[in-house]
Amino acid sequence: MTAREVAKYLLTSCESLREFESFMFGSSLFGVGSDFDILIVGPSGEPLSRLKAELRLAGKELPLDVLYMLPAEAEETGFVTRAGCRPLMRLAAGEKR
């Protein structure tokens with residue numbers, strides 16, 4: 001699957017993603033590598049538990065490598081910018097950036 005197809009699949013099959021910021025990063029954006037690197041930024045607790053369960057199911061269909069961060073962590077580390085993360089919504093829509 002392409003990065004765009006994976007983004008569409010995840011957004012469709014994981015309803016809880018609406019409560020989070022979700023990104024793809026790494027070599028999977030360029031069609032290289034054997035897995036898809038996903039970053040999830042958002043709250044902990046019950047919303048995150050629901051999302052993890054949904055992603056476990058999606059992970060049975062796709063080789064996912066998922067990183068979770070609280071909003072403060074993402075901001076403090078600058079990971080989204082440094083790693084060239086692309087929002088799943090934009091990938092699914094076919095936007096180049």
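Only this structure's heavy atoms are used, side chains among them; waters, hydrogens and symmetry mates stay out.
Here Leu88 contributes atom CG and Ser22 contributes atom OG; the two are 3.5 Å apart, rounded to the nearest 0.5 Å. For the atom pair OG (Ser28) and CZ (Arg86), the distance works out to 10.5 Å, reported to the nearest 0.5 Å. Taking CE of Met89 as the reference point, atom CD of Glu21 lies at 12.0 Å (rounded to 0.5 Å).
In this structure, Ala58 and Ser13 approach most closely via the heavy-atom pair CB-OG, 4.4 Å. Taking each heavy atom of Leu62 and Tyr9 in turn, the nearest pair found is CD1-CD2, 3.4 Å. When all heavy atoms of Glu19 and Pro47 are compared, the pair lying nearest together is OE1-CB, 3.4 Å. Shown here for Gly33 and Ser27, the closest heavy-atom pair between the two residues is CA-OG, 4.0 Å.
Residue Val41 belongs to a hydrophobic cluster whose other members are Phe23, Phe25, Leu39, Leu67, Met69, Phe79, Val80, with links defined by side-chain heavy atoms closer than 4.5 Å.
Annotation for Glu73: atom CD counts as buried by contact number, over 12 foreign heavy atoms lying within 6.0 Å.
Among Ile38, Leu64, Leu10, the one residue that satisfies the side-chain contact (heavy atoms from CB on, under 4.5 Å) test with Met24 is Ile38.
Met1 and Leu17 end up in the same hydrophobic cluster when Ile, Leu, Val, Met, Phe, Trp and Tyr side chains are linked at under 4.5 Å. Hydrophobic clustering (side-chain heavy atoms under 4.5 Å, transitive across Ile, Leu, Val, Met, Phe, Trp, Tyr) keeps Leu55 apart from Leu57.
When side chains are defined from C-beta on, Thr77 counts as touching Arg82, because their heavy atoms get closer than 4.5 Å. Leu91 places a side-chain heavy atom less than 4.5 Å from the side chain of Leu29. Proximity of Phe20 to Pro43: side-chain heavy atoms (C-beta onward) are separated by under 4.5 Å at one or more points.
With Glu54 contributing its side chain and Glu15 its backbone, the two residues share a donor-acceptor pair below 3.5 Å.
Applying the salt bridge (Lys or Arg N to Asp or Glu O under 4.0 Å) test to Glu46 and every residue at least two apart in sequence or in another chain returns Arg50.
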